[in-house]
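A quick write-up on the structure given underneath.
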There are 2 protein chains.
Amino acid sequence: MSPRATIADVARLAGVHPGTVSRALNRKTEGQVNAETASRVRAVAKQLGYVPNSIARGLRTSSSMTIGVIIPDLTNPIFPPIVRGIDSHLAPRGYSAFVVNTDGSDATERLLFESLVQRQVDGFIFATGHSGHSIAGEAYERGIRAVMVNRDSRGVPYPAVVGDDAQGIRESVEHLGRLGHRRIAHIAGPPTFSTSQVRAEAFVAACADLGIRGEVFRAPAYSVEAGQSVMDSVLDGSGFRPTAVVAGNDLLALGVYHSLRLHGLSIPEDVSVVGFNDMPFAGDFQPPMTTVRTPHFDLGVESARLLLNQIESSALTALRVMLPVELIVRASTGPAPENPSFD
Amino acid sequence: MSPRATIADVARLAGVHPGTVSRALNRKTEGQVNAETASRVRAVAKQLGYVPNSIARGLRTSSSMTIGVIIPDLTNPIFPPIVRGIDSHLAPRGYSAFVVNTDGSDATERLLFESLVQRQVDGFIFATGHSGHSIAGEAYERGIRAVMVNRDSRGVPYPAVVGDDAQGIRESVEHLGRLGHRRIAHIAGPPTFSTSQVRAEAFVAACADLGIRGEVFRAPAYSVEAGQSVMDSVLDGSGFRPTAVVAGNDLLALGVYHSLRLHGLSIPEDVSVVGFNDMPFAGDFQPPMTTVRTPHFDLGVESARLLLNQIESSALTALRVMLPVELIVRASTGPAPENPSFD
DNA sequence: CGTGAGGCTGCAATCGATTGTGGTTTCTAG
DNA sequence: CTAGAAACCACAATCGATTGCAGCCTCACG
């Protein structure tokens with residue numbers, strides 16, 4: 001690897017001082033140097049293939065132009081769009097993102113967080129919010145800038161960018177109500193996530209408003225397996241016989257699909273199912289899934305925008321951005337059965 | 001933001017020289033300092049909440065402990081597992097990854113590449129290989145370390161980590177042959193990708209070996225839309241009437257699903273379909289998709305391993321790692337119809 | 001008791017850029 | 001013609017860590 005050209009090399013060849021080279025090459029300061037000199041410097045720089053060393057620059061300016069993005073798991077399909085949204089806002093502004101996965105472990109989150117602090121990231125975007133999310137609290141104490149995305153974290157004073165989950169659930173229930181359903185189950189996610197609580201509460205409220213009998217069941221995780229086993233226990237153990245289920249998210253809904261299939265029940269003839277998130281390819285499932293579309297990409301964009309605002313204006317405005325969601329009706333919901341197959 | 005403690009602060013409070021602090025805090029050099037002094041330094045460091053500034057360290061040691069990962073699009077479901085595989089190897093070794101998306105554009109790839117060079121990344125992992133992939137060539141000229149993952153790039157002397165695509169296709173064709181299919185279409189990806197070529201050639205060879213009539217059709221992209229429109233033209237325009245189709249990847253296969261459905265053909269009764277990659281939730285499609293599982297996570301791990309080897313041993317061993325694939329038989333393939341519905 | 005060998009630690013240079021300060025030069029205006 | 005102001009650029013400090021070199025101290029051995 002041929003040693004990269006430094007600013008000193010350029011200065012020498014252009015016959016000027018390194019400081020002048022620096023000024024000539026930076027938009028904000030190039031006015032301070034004679035136009036002719038500047039163009040000579042630029043010519044030499046190009047000739048030498050000079051690229052500024054942003055490590056060195058970062059040391060001096062104490063800004064690394066990097067952002068830490070902490071998510072639970074990149075292979076969970078809702079996160080790639082969020083990450084891309086973040087990146088799409090960051091990249092044009094000269095920022096780069098470190099994306100790390102915690103796999104839901106607070107311990108690894110802490111480790112990764114520290115390693116990013118060490119790397120002098122200018123701020124964080126947390127997609128890992130949950131009740132008792134200590135890292136965000138600590139980060140705030142240490143004066144670190146951050147925003148929460150997708151999930152809120154009660155008690156943490158960072159801005160949060162979330163979808164209007166309550167509205168999404170309400171529309172789901174109304175949709176099912178219009179189809180004649182009067183007994184609906186809600187498979188809720190883990191109670192430590194704000195999303196689970198918001199959705200469950202909205203479900204209960206909507207059912208009450210519409211005079212629908214709604215029961216809430218809690219899944220230990222937002223996963224296909226959890227959805228399946230909870231639905232199994234609803235069908236086998238509980239006395240409740242729903243004609244429709246509103247799942248806490250698409251993964252849980254998929255688990256419900258599996259459970260229903262194994263019980264010989266068909267969707268939506270016997271039971272209607274609605275998911276949440278509209279993950280990629282949700283329309284290609286068997287049957288295509290009715291679900292609530294959350295604008296994940298935009299969630300990412302907004303969170304990045306908020307963070308950069310904080311960083312550049314250094315104003316810690318505790319804000320909260322809620323983006324609208326949309327019910328996507330596909331084939332997993334249909335009219336309530338006249339004679340429910342299991343009555 | 002309270003100014004972070006520096007090594008000088010620790011030195012002052014511990015009553016030693018900054019150099020000593022540095023030595024006391026680094027595994028490799030802590031033997032050079034008195035055990036008692038070292039522990040005192042460590043105590044002070046903890047008390048002050050000192051975290052080394054890796055920007056400063058990077059400047060001095062000229063190694064940033066970061067890797068650039070260049071992929072086409074994170075929302076393409078094959079990439080998250082690759083990225084996680086990379087990360088799982090990098091993180092425990094103190095490296096962090098910058099993941100960037102090119103959206104298939106060489107121009108933005110170039111931009112992102114330069115910005116990462118500027119950030120002094122220690123190496124690159126390219127998942128964007130294609131014929132005429134100039135960036136990798138240039139990078140090599142400049143003595144930059146890198147490896148290619150998933151896709152190969154002919155003519156670029158970097159190591160490549162790929163799946164055994166030829167074997168996967170061969171197994172697909174054999175599987176269909178055993179089911180009695182004698183007319184099979186292959187929807188190939190863009191010819192600029194090595195994967196497309198390898199798979200198409202393997203398809204032709206396998207058909208020849210088994211005495212099956214195989215026709216290759218080229219899709220302009222690895223996307224659902226492309227798959228659908230190519231399959232449309234096969235069904236409508238071409239004289240060829242396949243009873244099965246081997247798609248270049250799962251996205252194309254999904255497009256084939258759509259096309260078939262719109263033509264009133266059912267899978268696998270009328271036409272069998274096999275995909276490639278076994279993307280997440282491929283088993284939940286309608287019908288569950290028979291496809292070739294590529295070990296994407298391991299592809300990522302291997303590529304990171306190769307890269308770190310290169311970096312740490314500084315030996316440019318042009319290697320090639322091929323990982324085994326596996327045919328996953330689900331419900332999109334079945335016996336060839338006795339009387340093909342469209343003859 | 002002298003000396004050589006380690007063991008420890010301080011000193012200062014260094015990585016590559018940015019930026020406040022100040023000195024020349026040139027130009028303008030009175 | 002000269003004072004004052006720009007305009008331009010060089011100088012050097014600085015960011016926070018790492019590391020070769022050298023010095024000091026202690027200890028052991030002759």
Side-chain angles (χ1 to χ4, degrees), chain A residues 1-42 44-45 48-65 94 115 117-122, chain B residues 1-42 44-45 48-65 94 115 117-122:
Chain A
M1 178 145 17
S2 63
R4 254 192 271 291
T6 74
I7 209 171
D9 299 327
V10 177
R12 205 172 310 120
L13 206 62
V16 297
H17 190 270
T20 304
V21 174
S22 171
R23 279 185 260 258
L25 262 31
N26 278 40
R27 282 274 160 249
K28 324 95 196 292
T29 49
E30 70 176 338
Q32 301 173 27
V33 48
N34 183 291
E36 190 178 348
T37 312
S39 73
R40 178 159 41 99
V41 168
R42 272 192 295 269
V44 173
L48 254 44
Y50 168 74
V51 276
N53 181 327
S54 34
I55 296 273
R57 183 209 309 260
L59 179 57
R60 177 59 221 249
T61 63
S62 67
S63 115
S64 62
M65 300 295 278
S115 98
V117 167
Q118 209 168 308
R119 288 191 184 281
Q120 312 293 117
V121 299
D122 296 332
Chain B
M1 176 144 21
S2 64
R4 254 193 270 291
T6 74
I7 209 170
D9 299 325
V10 177
R12 205 172 310 119
L13 206 62
V16 295
H17 190 271
T20 304
V21 175
S22 171
R23 280 185 267 257
L25 262 31
N26 279 39
R27 282 274 160 248
K28 325 97 195 296
T29 49
E30 72 177 335
Q32 300 173 28
V33 50
N34 183 290
E36 191 178 345
T37 312
S39 74
R40 179 161 40 98
V41 168
R42 272 193 294 269
V44 172
L48 253 45
Y50 167 75
V51 275
N53 181 327
S54 34
I55 295 274
R57 182 209 308 261
L59 179 56
R60 178 60 222 248
T61 63
S62 67
S63 115
S64 63
M65 299 295 279
S115 98
V117 167
Q118 205 168 313
R119 288 189 185 283
Q120 313 292 115
V121 299
D122 296 331

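Below, chains carry the letters A, B, ... as their sequence lines are ordered, and counting in each starts from 1. Values in this document were obtained by computation on a predicted structure and should not be read as measured data.
Atom pair B/Q32:CD and D/dT18:P shows a separation of 12 Å (rounding to whole Å applied). Whole-Å rounding puts the B/R23 CZ to D/dT18 P distance at 10 Å.
To the nearest 0.5 Å, atom CZ of residue B/R12 and atom CG of residue B/L48 are 9.5 Å apart.
Read 5' to 3', the first and last nucleotides of DNA chain C with an atom closer than 4.0 Å to a heavy atom of chain B are C/dC8 to C/dG16.
Looking at heavy atoms from C-beta onward, A/N26 lies in side-chain contact with A/R57 at the 4.5 angstrom threshold. In this structure, the side chains of A/Q118 and B/M65 stay at 4.5 Å or more apart for every pair of heavy atoms. For the pair A/S64/B/I55, a side-chain contact is recorded, criterion being any heavy-atom separation below 4.5 Å from C-beta on. In this structure the side chain of B/S22 never reaches within 4.5 angstrom of the side chain of B/T29, judged on heavy atoms. For the pair A/L25 and A/V21, the minimum side-chain heavy-atom distance is below 4.5 Å.
Here the side chain of A/R40 pairs a donor or acceptor atom with the backbone of A/A14 at under 3.5 angstrom.
Using a 4.0 Å heavy-atom distance criterion, B/S22 is classed as a base contact. No contact: A/T29 has no heavy atom under 4.0 Å from any strand.
Put simply, A/T20 has a side-chain N or O that comes within less than 4.0 Å of OP1 or OP2 on D/dA10.
Each of A/Q32, A/R27, A/K28 was evaluated against A/E30; a single residue qualifies, A/R27, per the side-chain hydrogen bond (donor to acceptor under 3.5 Å, both in side chains) test.
Two residues, B/V51 and A/V16, neighbour DNA chain D, and the one matched to the more 5' nucleotide by heavy-atom proximity is A/V16. Annotation: of the two residues near DNA chain C, A/L59 and B/H17, the 5′-most nearest-nucleotide partner is B/H17.
Each end of the helix from C/dC1-D/dG30 to C/dG30-D/dC1 yields a helix axis from five base pairs, and these two axes differ in direction by 50° (to the nearest 10 degrees).
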